[in-house]
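What follows is one structure encoded as structure tokens, with my remarks underneath.
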Number of protein chains: 2
Amino acid sequence: MTNTQRAKRATIRDVARVAGVHPSTVSRALGSDRQARALVNAETRARILKIAEDLNFRPDIAARTLKTGQSHTVGVLLPDLTNPLFPPIVRGLEDRFAEDGFVVLLGNTDDDASRGELVLEGLLSRGVDALVVATARRSGSQFLELSRQGLPIVLINRVFDDQLVPSVATDEVAGIRMAVRHVHSLGHHRIAHLAGPQDLSTGRNRYRGYLAEMDSLGLDVEESMVCIANLYSPEEGRRCAVELLDATGARPTAIVAANDMLAIGCYQALHALGLRCPEDVAIVGFNDAPFSDLLSPPLTSIRFPHYQVGQQAAQLVLERIADPTAPIKVIFLPPELVVRGSTCSRVQG
Amino acid sequence: MTNTQRAKRATIRDVARVAGVHPSTVSRALGSDRQARALVNAETRARILKIAEDLNFRPDIAARTLKTGQSHTVGVLLPDLTNPLFPPIVRGLEDRFAEDGFVVLLGNTDDDASRGELVLEGLLSRGVDALVVATARRSGSQFLELSRQGLPIVLINRVFDDQLVPSVATDEVAGIRMAVRHVHSLGHHRIAHLAGPQDLSTGRNRYRGYLAEMDSLGLDVEESMVCIANLYSPEEGRRCAVELLDATGARPTAIVAANDMLAIGCYQALHALGLRCPEDVAIVGFNDAPFSDLLSPPLTSIRFPHYQVGQQAAQLVLERIADPTAPIKVIFLPPELVVRGSTCSRVQG
DNA sequence: CTGTTAGCGCGTTCAC
DNA sequence: GTGAACGCGCTAACAG
């Protein structure tokens, strides 16, 4: 008796016995394979379905997996679910996967190589049909290896430079450009950038986007118009904002922050300097954190469609499972500008 | 060729062939069963381990599950991962499970009966060894049925009144009492409660806790000292706070809110009425949302150890898997008072 | 349309 | 200490 004493579930054979047919027939009647199902007599099938229902039959996916090599399970590797970025992504994944009967196996790596290795092993030995990878640091080599072995892999919020891999990402550069264009359209010309840490790709991308948009608007970027934070924290935001606003040259009339935390720091700086927002200085955040509309004034920000990122990633996975030779897609999802009181006094809080 | 064209992984038989032993020996050498492992010659075992490593052997959990009935997988049912309550819980679960080689299968139910049924089916047919349930609405009957069939089930943040089921919950009543006691110790006597919706258990519990603590402090609760919000939203919070502060009787000097959202509404009300916090009115929130320390003044709140809830729940699950007859534990985790500027002007923001 | 047969990879029992 | 044989529950191939 290797099984636990848990009541054994009805098997396909139990159903067959009651129905007076062969187990295979039951398998065909219940299976998801449409053309196999078509082969079985309609009323036989109806009878089998009823009996299965009565017996509370549930297929044993472990057995099916052993047989078919498909677990209908997808591993999701991410650094830390606690990062507010990820829950909507995971929901998007799950919702889309659920439509096709797939289930999500979760793995947090903490961006730690050895833990990541362990978690990955766990997922692979459970025979995941595909992998969704959102970890930042890992050198991609092992994933490329797995991919070459035929395991569908979809990347989230990152792309390999050297190799084409299916991926879904948000367009950060486009986002920051929207932010700059927005305040410009409001009549601002002295637009500063409160940049994020330049050792993070996000910080670099957003800085790049700022420069690009300023350039295409034909606006000068004096050195005093950019300050680089060492962390994405309100404290650093405040420090940098003070620096931007206290500079000897003409003061900026708008600050585009690389992140909502930094934007909060701007609020604090304005308060300390006795300046008003948006009348004296307009502020734009980045990420649309859940608390953005609770601030006073409510913070104009750039919102990313994280849920849709998850959905799209799941979609790509399913496509590649269905046809592993399908062309590799790289999808960029555009962000959305959410205008609130911090740039526009006419806007309702 | 039922398998996908994915490179077939090395099996236990491949290892056996290379090592020149029988597959069973490999199984024994690699297995987690200590006494089986003890039977195999130490150096044979060492050789097998090395070969397994070289061949990049990974046991097929589906096959093992089929044989042993244990999937080393635990299903987690929750209403919505997007609710900020849950990510830390899930991480706590995952971290503890990972220590024992278990993996988490996620299921969002949206508190929807039919979706819940579907998700549950999916988890059960994948042979989860246990279930962690955090869904609010479901009548517990089906879970009790599963539990009776021998499937370990642990409840999170809810307990069945009628039946003893292992569970981990935070002590809401204790939390709200701490909040009341805190402002009382600061010298407040006119302490109002901005209650949550009374059709939610959270709203009722917190209201109850407020009344209990006021009673044991020997403080009167006039009718005008309680206002019940219809939603956990800043708007409702504002409406109720205005009502509390505008009442004809003596104005409360402190408001204990049932939730941080409601507390934000209090801030808005104070602002609108030209009152200062904490000088005129002290505010206490509930839940310690991530943005609480970003408000001005930073919000005093009650923090719940969500991560530990997850860890403890995982611990209970593992205990019951190891010994299904172990006594049923119900664990209440105490909250923590986080004092910030909204109650105490001496406190640093 | 349905029955038969075989085997996925592993862990376990019984021999030796 | 190790080998041999069996079966977990299911589905794919082939008969009929």
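This one's a predicted model, so the numbers in the text were calculated from it and none came from an experiment.
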Just the rounded figure in Å: distance from P of C:dG3 to CG of A:Leu39. 13 Å

Rounded to whole Å, CG of B:Asn41 lies from P of D:dG3 at a distance of 11 Å

What's B:Ile12 touching, base or sugar-phosphate or nothing? Going by heavy atoms closer than 4.0 Å. sugar-phosphate

B:Arg96: which residues meet the salt bridge (Lys or Arg N to Asp or Glu O under 4.0 Å) condition with it, sequence neighbours left out? B:Glu99, B:Asp100

How would you list, by chain and number, every residue that makes a salt bridge (Lys or Arg N to Asp or Glu O under 4.0 Å) with B:Arg58, sequence neighbours excluded? A:Glu121

ring-ring contact (aromatic ring centres under 6.0 Å, His included): pairs with one or both residues in residues 20-47 of chain A, sequence neighbours excluded: none

Out of C:dT2, C:dT12, D:dT2, which nucleotide sits closest to the side chain of B:Val40? D:dT2

Applying salt bridge (Lys or Arg N to Asp or Glu O under 4.0 Å) to B:Asp60 and not counting sequence neighbours gives none

To check you understand the geometry: which heavy-atom pair defines the closest contact between B:Gln70 and B:Thr65, and what is its length? O-OG1, 3.4 Å

Could you tell me how far apart B:His72 (NE2) and C:dG11 (C1') are, to the nearest whole angstrom? 12 Å

List the residues meeting ring pair (Phe, Tyr, Trp, His ring centres under 6.0 Å) with B:Phe102, not counting sequence neighbours, and say none if there are none. B:His72

Partners of B:Thr73 by side chain to side chain donor-acceptor pair (under 3.5 Å), sequence neighbours excluded? A:Arg126

Just how far, in rounded Å, is P of D:dT11 from CG of A:Leu30? 8 Å

Considering all heavy atoms of both residues, which atom of B:Arg158 and which atom of B:Leu155 are nearest to each other, and what is their separation? O-CB, 3.4 Å

What's B:Thr44 touching, base or sugar-phosphate or nothing? Going by heavy atoms closer than 4.0 Å. sugar-phosphate

Contact summary for A:Leu131 and A:Val74, nearest pair of heavy atoms: N-CG1, 4.4 Å

Locate the shortest heavy-atom distance separating B:Thr11 from B:Phe57; write the atom from each residue and the value. C-CE1, 3.5 Å

Give me the residues of residues 13-27 of chain B where at least one heavy atom lies under 4.0 Å from an atom of DNA chain D, by number, or none. B:Val21, B:His22, B:Ser24, B:Thr25

With sequence neighbours excluded, residues passing side chain to side chain donor-acceptor pair (under 3.5 Å) with A:Arg91: A:Asp95, B:Asp80, B:Asp110

From C:dC10, C:dA6, D:dC8, nucleotide with atom closest to B:Leu66 side chain: D:dC8

With five pairs defining each end axis, the helix from C:dC1-D:dG16 to C:dC16-D:dG1 comes out bent, to 10°, by 40°

Protein-nucleotide distance (B:Arg64, atom CZ; C:dC8, atom P), rounded to Å: 18 Å

Integer-rounded Å distance: C:dT2 P and A:Arg45 CZ: 12 Å

Please report the shortest heavy-atom distance between B:Ser71 and B:Asp129, naming the atom on each side. N-OD1, 2.9 Å

For residues 48-60 of chain A, which residues have at least one heavy atom under 4.0 Å from DNA chain D? A:Phe57, A:Pro59, A:Asp60

Determine which pairs satisfy salt bridge (charged side-chain N to carboxylate O under 4.0 Å, His left out) with at least one residue from residues 309-327 of chain A, sequence neighbours left out, and list them in order. A:Glu319-A:Lys329

Anything under 3.5 Å between a protein N or O and an N or O of nucleotides 14-16 of chain C, put it in a table, one pair a line.
none

For A:Arg148, run the side-chain contact (heavy atoms from CB on, under 4.5 Å) check against A:Leu144, A:Leu151, A:Leu146 and tell me which one passes. A:Leu144

